[in-house]
Amino acid sequence: EAAVTQSPRNKVTVTGGNVTLSCRQTNSHNYMYWYRQDTGHGLRLIHYSYGAGNLQIGDVPDGYKATRTTQEDFFLLLELASPSQTSLYFCASSDSTANSDYTFGSGTRLLVI
Amino acid sequence: AQKVTQTQTSISVMEKTTVTMDCVYETQDSSYFLFWYKQTASGEIVFLIRQDSYKKENATVGHYSLNFQKPKSSIGLIITATQIEDSAVYFCAMREASSGSWQLIFGSGTQLTVMP
């Protein structure tokens, strides 16, 4: 069954630490997205990609890097984590048609202490 | 600029009743797509229903339906015969047809509680 799988489900790191969040999709979708979800803000786009090797900046990219290594895999990197990056992170994929919906991963809860 | 607004932070209803959740959007595009998603207590986010701007008929899927009022830039989600398991956060989202990123712009969500 086509899906979006995120790992880890939960992560705790210290301020200044390095964190990599992973996302793999088996939907054969071109587009992949990283969002963060915070109370009162809904879902905000960090980065997205339309194919292997491509990266596009979203609405809240500061402090984040991302890399799309293959059609299936999209990584979010926090190289100097800060407490403000404590959040729930979602990866999603979609087809490259305007009416296509997202398939979401289960989310990664990150705590930066 | 695109914007999606959900003004209802939370709603509580009795089981088996009908509930409507509001959503208004802003867009300059003549063609756009509106989506509703459900986020359960476990955090899972699932797609529920979509309305295409060029369609006059309101979309319906199961016990979900939409009230699309294009002149008011409004897309309400109607859940009939609510069940306890409908308790969740509901997000409205929009994509403009001219968007090259295919990104969805989300509202801040409405927490629905269905009481027995």
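The sequence lines fix the lettering, A, B, ..., with proteins before strands; numbering per chain opens at 1.
In terms of hydrophobic clustering, with Ile, Leu, Val, Met, Phe, Trp and Tyr side chains grouped at heavy-atom distances under 4.5 Å, B/Met115 and B/Val89 are assigned to different clusters. Cluster membership check: A/Leu88 does not share its hydrophobic cluster with A/Leu77, using side-chain heavy-atom separations under 4.5 Å among Ile, Leu, Val, Met, Phe, Trp and Tyr. No path of Ile, Leu, Val, Met, Phe, Trp and Tyr side chains, each step under 4.5 Å between heavy atoms, connects B/Phe91 with B/Met94, placing them in separate hydrophobic clusters. Under the 4.5 Å side-chain heavy-atom criterion for ILVMFWY residues, a single connected hydrophobic cluster contains both B/Ile79 and B/Phe68. Residues B/Leu112 and A/Leu43 do not share a hydrophobic cluster, clusters being chains of Ile/Leu/Val/Met/Phe/Trp/Tyr side chains in contact below 4.5 Å.
For B/Gln28, the CD atom counts as loosely surrounded, since its 6.0 Å shell holds 12 or fewer non-hydrogen atoms of other residues, nucleotides or ligands. Heavy-atom contacts from other residues, nucleotides or ligands closer than 6.0 Å to CD1 of A/Ile57 number 12 or fewer.
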Polar pairs (donor with acceptor) under 3.5 Å from chain B to chain A:
from     : atom 1 : to       : atom 2 : distance (Å)
B/Tyr37  : OH     : A/Tyr102 : N      : 2.8
B/Gln39  : OE1    : A/Gln37  : NE2    : 2.8
B/Gln39  : NE2    : A/Gln37  : OE1    : 2.9
B/Glu44  : OE1    : A/Ser106 : OG     : 3.4
B/Glu44  : OE2    : A/Ser106 : OG     : 3.0
B/Arg50  : NH1    : A/Asn99  : O      : 3.2
B/Arg95  : NH1    : A/Ala98  : O      : 2.7
B/Arg95  : NH1    : A/Ser100 : O      : 2.6
B/Arg95  : NH2    : A/Ser100 : O      : 3.1
B/Gly100 : O      : A/Tyr31  : OH     : 3.0
B/Ser101 : O      : A/Tyr33  : OH     : 3.2
B/Trp102 : O      : A/Tyr33  : OH     : 3.1
B/Trp102 : NE1    : A/Tyr31  : OH     : 3.3
B/Leu104 : N      : A/Tyr102 : OH     : 2.8
B/Leu104 : O      : A/Tyr35  : OH     : 3.0

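Taking each heavy atom of B/Ala97 and A/Ala98 in turn, the nearest pair found is CA-CB, 4.1 Å.
Residues of residues 69-78 of chain B never come closer than 4.5 Å to chain A when only heavy atoms are counted.
Contact check for B/Ile45 versus A/Phe90: side-chain heavy atoms found under the 4.5 Å cut-off.
Contacts of A/Leu45 with chain B are made by side-chain atoms alone, with heavy-atom separations under 4.5 Å and no backbone atom involved.
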